[in-house]
Q: 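Right, I'll just put the structure down here and ask away after.
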2 protein chains.
Amino acid sequence: MTSQNDAIAAMTRKLERLARLDDSDRSAIAALPVTVQFAPSGQYLVREGNEAVNCCLLVTGYAFRHKLAQDGGRQIVSFHMRGDMLDLQHLLFPIADHNIQTMTEAIVAWTPCRALQQLAHERPRIADALWRDTLIDASIFREWVLNVGRRDARTRIAHMLCEFAARAQAAGLGAADRFELPMTQEQIGDATGLTSVHVNRMLMQLGAEGVIARRGKDVIVGDWAKLRRVAGFDAAYLHDAA
Amino acid sequence: MTSQNDAIAAMTRKLERLARLDDSDRSAIAALPVTVQFAPSGQYLVREGNEAVNCCLLVTGYAFRHKLAQDGGRQIVSFHMRGDMLDLQHLLFPIADHNIQTMTEAIVAWTPCRALQQLAHERPRIADALWRDTLIDASIFREWVLNVGRRDARTRIAHMLCEFAARAQAAGLGAADRFELPMTQEQIGDATGLTSVHVNRMLMQLGAEGVIARRGKDVIVGDWAKLRRVAGFDAAYLHDAA
DNA sequence: CGACAACTTGACGGGCGTCAACCGGAGTGG
DNA sequence: CCACTCCGGTTGACGCCCGTCAAGTTGTCG
C-alpha cells in the first residue's frame with residue numbers, strides 16, 4: 001500500500017521536473033494501475049527480444065541497461081537510479097532491444113505500457129514530460145558514444161563519475177562531495193569500454209592524485225574542479241535532469 | 001514549389017512507415033509551413049549551444065551529428081540520409097546539445113518546431129510516429145555505444161557498413177549489393193572511434209578478403225553473409241526503420 | 001572461519017595511434 | 001590544355017595505451 005504510494009510519488013516527482021503538471025494530471029497519474037515488486041541484485045527487469053508489456057519505474061536501488069556483442073562482450077549503455085523510468089525507450093515498440101538489470105537490491109513499480117500510452121494521448125503535458133525524458137536519455141547515449149569513442153581511460157572514468165554524481169544529487173541521493181557508487185569495477189569497465197583491471201589502475205591513479213577517495217562503495221570527491229577538468233565534463237547534455 | 005511538395009512527400013513517406021496515418025493526418029502534414037533550402041557540403045544545420053527554433057528535414061543528400069571533446073576530438077554519433085528528420089532530438093529542448101552538418105550537397109526543408117509540437121498534440125498518430133522515430137534514433141545510439149565500446153576495429157567498420165547499407169536501402173537509395181558511401185575515411189574514423197589511417201587499413205583488409213569492393217564512393221558488397229558475420233550485425237535494433 | 005566475489009598489482013604483448021611520405025583525382029587558373 | 005594545388009586515400013615504421021594473464025589481498029556473508 002504505502003509502497004504503491006511511494007511509487008506514484010516518485011513518478012510524479014520525476015514528471016514534475018520535466019513539465020508543468022496541473023492537478024488533473026497528478027490525479028491521472030495517481031490513478032495508474034501499479035504493481036510494486038522487490039528485486040534482488042542482478043535481477044533482469046527487461047530482456048532483449050522479449051515483449052515489453054509493462055513499464056518499469058525504479059523506486060529505490062540502482063539498475064543498468066546493457067547489450068551483448070556477438071563475442072560475448074557486454075556493453076552497459078546507461079545507469080539508472082531512484083525515480084528513473086526504465087521502459088520508456090520501449091514504449092512504442094513491441095520488442096525490447098536491450099537488457100535491463102538491477103545492480104543492487106531494488107524496489108520497482110510496474111504499470112501497463114498501454115495505460116501510459118493512453119495517458120500520453122489524453123494529456124499533452126504528461127506526453128511532453130515522458131517524451132522529454134526519453135530525449136534526455138538519448139542525449140546521454142550520445143555523450144556516451146563520445147565518451148567511449150574519443151576519450152582516454154582516465155578521462156572516461158572521470159566523466160562517468162561526474163555524470164553519476166550529478167544525477168545522483170538531482171535524485172536526492174548523496175551529498176555534494178560524497179555519493180555511493182553502487183557498481184563493481186567490472187561494471188564500470190563494461191560501461192566505459194575498458195577492462196576491470198584498467199579501471200582499477202585509473203581509479204587508483206585518481207586516488208593518488210587526490211581527486212577522489214573511496215570508503216567502501218562511497219566516493220568522496222576531494223577536488224571537484226579538477227575532476228571536472230580531467231573529465232572535460234559539461235552538464236549541458238543532461239538538460240537539467242541534474 | 002515543386003521542391004516544397006517533394007519535402008512534404010518525403011516527410012509523409014517517412015511518417016507513414018512509422019505509424020498508420022489517415023487522410024486528415026496527411027492533409028495536416030501537407031499544411032505545415034515549409035521552407036526549402038539548398039545546402040553545400042559541410043554546412044552546419046544545427047550548432048551545439050544554439051536554440052533550435054526550426055526543425056530540419058533532409059530531402060536529398062547526407063548529413064551527420066557530432067559532438068566535440070574538450071581536446072578537440074570529434075565524435076560522429078549518427079549518419080543521416082534522405083527522409084530523415086534531424087531535429088526531433090531537440091524538439092522539446094531550447095538548446096541543441098550537438099552539431100549537425102551536411103556531408104554532401106543537400107536539400108533541406110525547415111518547419112517551425114512549434115508547428116510540429118502542435119501537430120503532435122492534436123494528432124496522436126503523428127505524435128506516435130514522431131516519438132517512435134526519436135526512439136529508433138535512441139536505439140541506434142545505444143548500438144553505437146556498443147560498437148565503439150566493445151568491438152575491434154574491423155568489426156566496428158563492418159557493422160557501420162551493414163547499418164548504413166540497411167538504412168540506405170530502406171530509404172530507397174542504392175541496390176541490394178551496391179550503395180554509395182558518401183563519407184570520407186576520416187569521418188568513418190570519427191564515427192567509429194578510430195583514426196583515418198586505421199580505417200583505411202581495415203577497409204583495405206576487407207577488400208583483400210573479398211567481403212567488399214570499392215568503386216569511387218560506391219561500396220559493392222561481395223559477400224553479404226560474411227560481412228554480417230564479421231560485423232555481428234543483427235538489424236533488430238533498427239526496429240524496421242530498415 | 002571458510003568460501004567466494006571483488007579488488008589490487010605486476011609482467012608482458014598486441015592493436016591501434018602517430019608520424020611521415022607518397023599517390024591519385026578533381027578542381028582551378030594561366 | 002597543361003601545370004599547380006589540395007584533399008583524400010594508401011602505405012610503412014615505430015611506440016604506447018590498454019588488454020591479457022596470473023597471483024595475491026581484502027572484504028563480506030553464511
Side-chain angles (χ1 to χ4, degrees), chain A residues 40-42 62 64 69 71-76 101-105 147-160 180-208 212-219 230, chain B residues 40-42 62 64 69 71-76 101-105 147-161 180-209 212-219 230:
Chain A
S41 177
Y62 297 89
F64 61 91
D71 66 358
R74 178 176 72 168
Q75 179 68 42
I76 293 177
Q101 210 174 347
T102 58
M103 198 157 63
T104 60
E105 294 183 348
N147 205 37
V148 294
R150 278 288 173 243
R151 297 204 254 249
D152 65 18
R154 199 172 81 113
T155 313
R156 268 183 233 184
I157 291 173
H159 195 279
M160 198 265 254
E180 185 192 1
L181 200 65
M183 62 288 268
T184 66
Q185 293 182 3
E186 184 169 6
Q187 288 164 343
I188 297 176
D190 284 346
T192 51
L194 300 166
T195 58
S196 61
V197 174
H198 204 62
V199 168
N200 183 269
R201 287 195 275 248
M202 296 298 103
L203 285 176
M204 297 303 281
Q205 189 186 319
L206 288 172
I212 59 168
R214 285 173 293 156
R215 299 279 177 281
K217 299 238 123 189
D218 278 20
V219 170
V230 168
Chain B
S41 177
Y62 297 89
F64 60 92
D71 66 358
R74 178 175 72 169
Q75 178 68 42
I76 294 178
Q101 209 173 349
T102 58
M103 200 156 63
T104 61
E105 294 184 348
N147 204 37
V148 295
R150 278 288 173 244
R151 298 204 253 248
D152 65 19
R154 198 172 83 112
T155 313
R156 269 184 233 185
I157 290 174
H159 195 279
M160 200 270 262
L161 291 175
E180 185 192 1
L181 200 66
M183 62 288 269
T184 66
Q185 293 182 2
E186 184 170 5
Q187 288 164 343
I188 297 176
D190 284 346
T192 50
L194 301 166
T195 58
S196 61
V197 174
H198 205 62
V199 169
N200 183 270
R201 288 194 274 248
M202 295 299 104
L203 285 175
M204 298 303 283
Q205 189 187 318
L206 289 172
E209 294 172 24
I212 59 168
R214 284 173 295 156
R215 300 280 176 280
K217 298 239 122 189
D218 278 20
V219 169
V230 169

Q: Grab the two heavy atoms, one from Q185(A) and one from L203(A), that are nearest each other, plus how far apart they are.
A: NE2-CD1, 3.8 Å

Q: Any side-chain heavy-atom pair from D71(A) and T155(B) closer than 4.5 angstrom?
A: no

Q: Five pairs per end, C1' atoms only: what is the angle between the end axes of the helix from dC1(C)-dG30(D) to dG30(C)-dC1(D), to 10 degrees?
A: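 The angle separating the two end axes equals 40°.
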
Q: From NZ of K217(B) over to C1' of dG24(C), roughly how many Å is that when rounded to an integer?
A: 14 Å

Q: Taking the side chain as C-beta and beyond, is there a heavy-atom pair between Q101(B) and Q187(B) under 4.5 Å?
A: no

Q: Check nucleotides 13-20 of chain D for protein N or O atoms closer than 3.5 Å to its own N or O atoms and list the pairs.
A:
from    : atom 1 : to      : atom 2 : distance (Å)
dA13(D) : N6     : R201(B) : NH1    : 3.4
dC18(D) : OP1    : A153(A) : N      : 3.0
dC18(D) : OP2    : H198(A) : NE2    : 3.4
dG19(D) : OP1    : G193(A) : O      : 3.4
dG19(D) : OP2    : T195(A) : N      : 3.4
dG19(D) : OP2    : T195(A) : OG1    : 3.0
dG19(D) : N7     : R201(A) : NH2    : 3.0

Q: Grab the two heavy atoms, one from M202(A) and one from A153(A), that are nearest each other, plus how far apart they are.
A: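 That would be CG-CB, 3.9 Å.
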
Q: Less than 4.5 Å apart, any side-chain heavy atom of M204(B) and any of R214(B)?
A: yes

Q: CZ of R214(A) versus C1' of dA6(C): gap in Å, rounded?
A: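 Value for this atom pair: 12 Å.
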
Q: Identify the two heavy atoms, one from P182(B) and one from T104(B), that lie closest to each other, and give their separation to 0.1 Å.
A: CB-CG2, 3.7 Å

Q: If the test is side-chain contact (heavy atoms from CB on, under 4.5 Å), which one of E186(A), R201(A), R156(A) qualifies with L194(A)?
A: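 It is R156(A); the other options fail the test.
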
Q: Give the rounded distance in Å between these two atoms: CD of Q205(B) and C1' of dT10(D).
A: 15 Å

Q: Want to settle it: does G216(A) or M204(B) sit nearer the 5' end of DNA chain D, counting the closest nucleotide to each?
A: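 Upstream on the strand: M204(B).
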
Q: Give the rounded distance in Å between these two atoms: CZ of R215(B) and C1' of dG25(C).
A: 16 Å

Q: Could you go through nucleotides 5-7 of chain D and list every protein N or O atom that sits under 3.5 Å from one of its N or O atoms, giving the distance for each pair?
A:
none

Q: Between atom CD1 in I157(B) and atom C1' in dC16(C), what is the gap in whole Å?
A: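 Roughly 11 Å, once rounded to whole Å.
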
Q: Once you round to the nearest 0.5 Å, how far does CD1 of I76(B) lie from CE of M103(B)?
A: 7.5 Å

Q: So does Q185(A) get a side-chain nitrogen or oxygen closer than 4.0 Å to the phosphate oxygens (OP1/OP2) of dT8(C)?
A: yes

Q: Between atom CD1 in I188(B) and atom P in dT10(D), what is the gap in whole Å?
A: 10 Å

Q: So, taking the atom named OG1 in T192(B) and the one named CD1 in I157(B), what distance separates them when rounded to the nearest 0.5 Å?
A: 5.0 Å

Q: Contact between K217(B) and L181(B) at the side-chain level, heavy atoms closer than 4.5 Å - yes or no?
A: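 Heavy-atom side-chain distance check fails, nothing below 4.5 Å.
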
Q: Search all heavy atoms of V230(B) against all heavy atoms of A158(B) and return the closest pair with its distance.
A: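 Closest approach of V230(B) to A158(B): CG1-CB, 3.8 Å.
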
Q: Between N200(A) (CG) and dT8(C) (P), how many Å, whole number?
A: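 N200(A) atom CG is separated from dT8(C) atom P by 4 Å.
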
